[in-house]
2 protein chains.
Amino acid sequence: MARPRKFDEERAVDAAMEAFWTAGYEATSTQDLCEATGLGRSSIYNAFKSKHDLFRRALGRYLETKSASVVELLESDLPAREKVRTMLERVIEEESAHADDGRGCLFVNTAVELAARDAEVARELERDYRRRLEALTAALESGQRDGDIEAAKDARTLAHFVAAAIGGMRVSARAGIDRAALEGIARTTVDAL
Amino acid sequence: MARPRKFDEERAVDAAMEAFWTAGYEATSTQDLCEATGLGRSSIYNAFKSKHDLFRRALGRYLETKSASVVELLESDLPAREKVRTMLERVIEEESAHADDGRGCLFVNTAVELAARDAEVARELERDYRRRLEALTAALESGQRDGDIEAAKDARTLAHFVAAAIGGMRVSARAGIDRAALEGIARTTVDAL
DNA sequence: GTCGTTTTGGATCGATCAGTACAAAATCAG
DNA sequence: CTGATTTTGTACTGATCGATCCAAAACGAC
């Protein structure tokens with residue numbers, strides 16, 4: 001055969017994900033990616049076609065991991081209202097770290113930085129959004145049957161509403177609001193269901 | 001004295017604002033700024049210290065313009081609920097253009113792209129957020145006195161909630177949701193007040 | 001007009017950008 | 001071992017990055 005790879009491709013994608021997540025697509029140089037992954041340029045360009053290709057892999061991994069976690073929560077047997085509350089709590093936990101990293105959410109970062117001028121990336125984000133929306137909608141519909149969620153409102157609309165609340169909390173966190181304010185938004189959002 | 005300037009500084013800042021608004025800070029090169037403003041590099045670097053400085057000027061102008069418009073609406077004599085509805089309608093109008101530009105909102109774009117690694121910019125965003133929040137809070141408190149807004153909830157918390165709804169709608173729009181979904185989010189948000 | 005001052009265009013700076021060329025190193029088949 | 005194949009490190013590509021230099025041009029003061 002031939003010389004085997006010395007590195008794990010998934011580990012490299014993970015490291016690249018961290019870099020893109022922290023600094024964004026444009027502000028992450030190929031040199032940064034070498035340092036983050038611990039690989040040489042040749043290894044990166046041999047395994048991945050380009051910076052853009054590596055980014056798509058990294059984004060895909062992020063979306064898969066995060067969405068799987070959300071879907072798992074939404075398919076659990078908690079009351080629907082509790083599921084949403086937990087989702088929002090997780091957002092607060094991530095966003096109010098702020099001192100540790102302050103890198104936010106790669107979905108939101110990418111949607112804002114790239115979606116408008118990168119159709120492929122936009123398509124991937126849409127797909128992931130749909131996936132989360134389906135799981136949320138199903139959970140809310142189930143909650144409506146249980147009497148946990150107001151049945152008068154359309155579940156899908158409520159799902160969009162919750163998704164927007166999450167994105168909004170992440171934006172507001174970047175604009176500097178504190179944890180108490182985030183908790184207020186979360187409470188108000190859950191109360192609206 | 002000396003040779004006078006051939007260009008209007010405010011016009012240049014406006015043009016730069018459009019460029020940054022469309023492509024983001026990192027993805028806008030100084031060459032792009034020359035083309036957008038119609039100026040030579042010397043003129044730009046003579047009038048502004050750096051790309052970063054020009055960006056701050058552009059951001060300042062954007063925030064001032066947009067916030068003034070929002071504050072004007074919030075200080076009008078419409079019912080409070082109607083004020084919020086109008087704010088959300090404006091967002092939908094801007095975000096569902098999508099075909100025309102799809103550049104979203106410079107506040108959100110900047111909060112997500114830069115705030116975490118640029119303290120000066122973050123401070124400016126915080127200041128602007130506070131300004132909008134004060135106006136929103138005052139409008140909602142007034143609405144509570146009129147019985148237009150649920151008095152049981154804290155007006156400031158509701159203001160944060162509305163601000164987050166706006167940011168969230170903008171993120172969701174970037175993730176590809178359609179106008180009808182945005183309208184559903186807006187309705188749900190107003191219903192929660 | 002001349003002088004002093006500022007703006008302007010164009011050339012250019014070193015640094016960095018994403019990406020590539022190439023040969024040495026490393027592996028396995030035989 | 002040799003030969004085929006792939007990975008790896010290093011040097012390097014042309015392009016572009018943000019920013020600066022400098023001299024010509026354009027004005028007001030006088």
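Quantities reported herein were computed from a predicted structural model and do not represent experimental measurements. The chains referred to below are lettered A, B, ... by the order of the sequence lines, with proteins before strands, and numbering in each begins at 1. Values below: every heavy atom of this structure, side chains too, minus hydrogens, waters and symmetry copies.
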Handout entry: Sequence neighbours excluded - ring pair (Phe, Tyr, Trp, His ring centres under 6.0 Å) pairs with any residue from residues 146-181 of chain A
Key =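 For residues 146-181 of chain A: A:Y129-A:H160.
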Practice task
Name all pairs fulfilling the ring pair (Phe, Tyr, Trp, His ring centres under 6.0 Å) condition that reach into residues 28-50 of chain B, sequence neighbours left out, sorted by first residue then second.
Solution key: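 Listed by first then second residue: nothing to list.
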Practice task
For the pair B:R132 and B:S67, evaluate side-chain hydrogen bond (donor to acceptor under 3.5 Å, both in side chains) and give the outcome as yes or no after the intermediate values.
Solution key: CA-CA 7 Å; B:R132 300 192 196 208; B:S67 283; 3.0 Å; yes
Practice task
Return the residues of residues 17-32 of chain B meeting this criterion: a heavy atom under 4.0 Å from some atom of DNA chain D. Order them by number, or give none.
Solution key: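 Only B:T28, B:S29, B:T30 qualify.
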Practice task
Return the residues of residues 35-62 of chain B meeting this criterion: a heavy atom under 4.0 Å from some atom of DNA chain D. Order them by number, or give none.
Solution key: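 Contacts with DNA chain D under 4.0 Å: B:R41, B:S42, B:Y45, B:S50, B:K51.
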Exercise for the section: Output the distance between atom NZ (A:K49) and atom CD1 (A:I44), rounded to the nearest 0.5 Å. Expected result: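 The CD1 atom of A:I44 is 16.0 Å from NZ of A:K49, to the nearest 0.5 Å.
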Pairs of donor and acceptor atoms involving the side chains of residues 108-115 of chain B, under 3.5 Å and at least two apart or interchain, shall be tabulated with distances.
residue	atom	partner	partner atom	Å
B:N109	OD1	B:R174	NH2	3.4
B:N109	ND2	B:R103	O	2.9
B:N109	ND2	B:C105	O	3.4
B:T110	OG1	B:L106	O	2.6
B:E113	OE1	B:Y25	N	3.0
B:E113	OE2	B:E26	N	3.0

Exercise for the section: Look at B:R85 together with B:E82 and state whether they make a salt bridge at an N to O cut-off of under 4.0 Å. Expected result: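 Looking at B:E82 together with B:R85, the answer is yes, because their closest N to O distance falls below 4.0 Å.
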Practice task
Would you check if the side chain of B:K83 reaches a backbone N or O of B:L74 as a donor-acceptor pair within less than 3.5 Å?
Solution key: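 Yes, because the side chain of B:K83 sits within donor-acceptor range (under 3.5 Å) of the backbone of B:L74.
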Practice task
Round to a whole Å and report the spacing from CG of A:L33 to C1' of C:dG19.
Solution key: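 Nearest whole value for this atom pair: 13 Å.
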Handout entry: Contacts of A:A165 that satisfy side-chain contact (heavy atoms from CB on, under 4.5 Å) - sequence neighbours left out
Key =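 With sequence neighbours excluded, A:A165 shows a side-chain contact (heavy atoms from CB on, under 4.5 Å) to A:T189, given in chain and number order.
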